[in-house]
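The structure appears below as structure tokens.
FYI, the numbering just counts along the sequence from 1.
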Amino acid sequence: MSFTKEDILRISKDENVRFIRLQFTDLLGTIKNVEIPVSQLEKALDNKMMFDGSSIEGYVRIEESDMYLYPDLSTWVIFPWVTDSRVARLICDVYMPDGTPFAGDPRGILKRCLQEAEEMGFTAMNVGPEPEFFLFRTDEKGNPTTELNDQGGYFDLAPMDLGENCRREIVLTLEEMGFEIEASHHEVASGQHEIDFKYADAIKAADQIQTFKLVVKTVARHHGLHATFMPKPLFGMNGSGMHAHQSLFKGKENMFYDESDKLGLSKTARYYMAGILKHARAFAAITNPTVNSYKRLVPGYEAPCYVAWSASNRSPMIRIPASRGLSTRVEVRNPDPAANPYLALAVMLKAGLDGIKRQLDLPAPIDRNIYVMSEEERIEEGIPSLPADLKEALNEMIRSHVITEALGEHALAHFYELKEIEWDIYRTQVHEWERDQYMTLY
């Protein structure tokens, strides 16, 4: 919905809203907010709400800390789970004191990439995200344990699926907040769940992912559970992905569809996919941004670890769902829900646009199960692997002009520094596996 300043002031009064959370996202994808009393709402709607950016991960130094939050009025919503002192939220863009957009704001980075698409004649990037999550039981103090809430499997029902009630409440809460839910079900692994919501333009889709995560964690806590979007919380089980269905439109025309093509795919779609495949190793550090992300991207657990595409096979990185016409889209399967959604969509879009601009050749589809192919067969077919770990992904990222340009100097430098620290902490840590393997052997 679209709201005016007057609409929001009126609704807040009619609905007895007492507090407003001005939300934004840091470089690592964590939701942040400044909560203000309703008496300050008009000031916030006039873009006069200042905050200290030096305390936010990947933002600015302490000597240049003053920043402003510009609310996006279309994101106004009242949280349904707070009934006494009602709380609403507005998602904000981050600006500098001189009125220019902050170069390190992830939402602003996505807007810059969308502006490039618009200059190429595309009016919208539509995205249908599928973020998966696990539900774990909590202890008596409310801290998460490693005990899953059920032993269900794909599409299971109660009593195997003990997450049904929690999942239903999540769906009802999301619908109350304006989401159009298409399906919800138990995923493959025990304790793993998926809730699918309708596609939207890229900015709204990224906003919805952030809202979705907040709702899932909040409702799970009400059920005595801990929801995690960690990509691979348990060894020997499937990890959680965030497949991203995407297409480009000009007005009401889906530019990925061509009814005269055998697969119904336009040249634009093929160039776009070629760009995604060309830059996949370079943008993996953004779409799969943690040490843990690469524990998911291994053969045998339905996660794509090979850079290829197919219209009939789920082992490659890109799949073409069967729907055609306005629903023609490409499904990029390697992203995981730990990714900052604004940055993830920005780098995938930038990669696809590069493919369109340079009219890159799309490799032949791989319709065999890549997991059972030998390394020699994969080399013969020209199928690269995604990076094996975060360090390899970071090295690929900084060598790519396309991906570094998408991020911009500020975000690139700060993201790289933060992730280098993460990798170094992991690299120098002694893990339980090492003690199990070596303590008595040596």
Item checked: Residues in ring-ring contact (aromatic ring centres under 6.0 Å, His included) contact with F134, at least two apart in sequence or another chain -> none
Next item on the list: Report the residues that fulfil side chain to side chain donor-acceptor pair (under 3.5 Å) with T146, sequence neighbours left out, ordered by chain and then residue number.
Entry: none
Item checked: Non-neighbouring partners of E409 that pass salt bridge (charged side-chain N to carboxylate O under 4.0 Å, His left out), sequence neighbours left out -> none
Next item on the list: Write out all pairs satisfying salt bridge (Lys or Arg N to Asp or Glu O under 4.0 Å) with one or both partners inside residues 217-231, taking only residues at least two apart or from two chains.
Entry: none
Check: Between D261 and K267, is there a salt bridge with N-O shorter than 4.0 Å?
Finding: no
Notebook entry, point to check: With N395, which residues qualify under side chain to side chain contact (heavy atoms under 4.5 Å, CB included), at least two apart?
Noted result: K391, R399, Y416
Next item on the list: For Y199, look at atom OH and say whether over 12 heavy atoms of other residues, nucleotides or ligands are found less than 6.0 Å away.
Entry: no
Margin query: Looking only at side-chain N and O atoms, does H245 offer a donor or acceptor that is under 3.5 Å from a partner on E130?
Written below: yes
Next item on the list: Taking atom types as modelled, find out whether Q210 and T25 have a side-chain donor-acceptor pair closer than 3.5 angstrom.
Entry: yes
Check: If you measure only the distance, is there a donor-acceptor pair under 3.5 Å linking the side chains of D258 and S260?
Finding: yes
Notebook entry, point to check: Can the ring centres of F136 and H226 be said to be less than 6.0 Å apart?
Noted result: no
Next item on the list: Pick out which of Y70, F102, F24, Y68 makes a ring-ring contact (aromatic ring centres under 6.0 Å, His included) with Y95.
Entry: Y70
Margin query: With a 4.0 Å cut-off on N to O distance, would you call E331 and R319 a salt bridge?
Written below: yes
Note to self: The criterion is salt bridge (charged side-chain N to carboxylate O under 4.0 Å, His left out); which residues satisfy it with K350, sequence neighbours excluded?
What the structure shows: E116, E405
Margin query: Test: salt bridge (Lys or Arg N to Asp or Glu O under 4.0 Å). Region: residues 277-294. Which pairs qualify, not counting sequence neighbours?
Written below: R281-E392, R281-E396
Margin query: The criterion is ring-ring contact (aromatic ring centres under 6.0 Å, His included); which residues satisfy it with F179, sequence neighbours excluded?
Written below: F197
Notebook entry, point to check: Residues two or more places apart in sequence or in another chain: which of them pass ring-ring contact (aromatic ring centres under 6.0 Å, His included) with F283?
Noted result: none
Notebook entry, point to check: Heavy-atom distance under 4.5 Å between the side chains of L225 and C166, does that happen here?
Noted result: yes
Next item on the list: For atom CG of D361, decide whether the heavy atoms of other residues, nucleotides or ligands shown that lie under 6.0 angstrom number more than 12.
Entry: no
Checklist line | Minimal non-hydrogen separation, S2 against D7, with atom names | finding: O-OD2, 4.4 Å
Notebook entry, point to check: According to the interplanar angle, ranging from 0 to 90°, do the rings of Y426 and W423 count as parallel (below 30°), tilted (30 to 60°) or perpendicular (above 60°)?
Noted result: tilted
Item checked: Contacts of type ring-ring contact (aromatic ring centres under 6.0 Å, His included), residue F19, not counting sequence neighbours -> none
Note to self: Taking CZ in R324 as the centre, count heavy atoms belonging to other residues, nucleotides or ligands within less than 6.0 Å. Is the count above 12?
What the structure shows: yes
Note to self: Check this for me: does any side-chain nitrogen of one of K5 and D46 sit under 4.0 Å from a carboxylate oxygen of the other?
What the structure shows: yes
Next item on the list: If a pair satisfies side chain to side chain donor-acceptor pair (under 3.5 Å) and one of its residues is in residues 171-180, list it, with sequence neighbours excluded.
Entry: none
Checklist line | Salt bridge flag under 4.0 Å for residues D354 and K357 | finding: no
Checklist line | H186 and Q192 side chains, donor-acceptor separation under 3.5 Å | finding: no
Checklist line | Check ion pair K250-E253 (N to O, under 4.0 angstrom) | finding: no
Item checked: side chain to side chain donor-acceptor pair (under 3.5 Å) partners of D72, counting only residues at least two apart -> S74, R107
Note to self: Can a side-chain donor-acceptor contact be found between Y272 and Q246 if the only test is distance below 3.5 angstrom?
What the structure shows: yes
Check: If you draw a 6.0 Å radius around CD in Q115, do more than 12 non-hydrogen atoms from other residues or ligands fall strictly inside?
Finding: yes
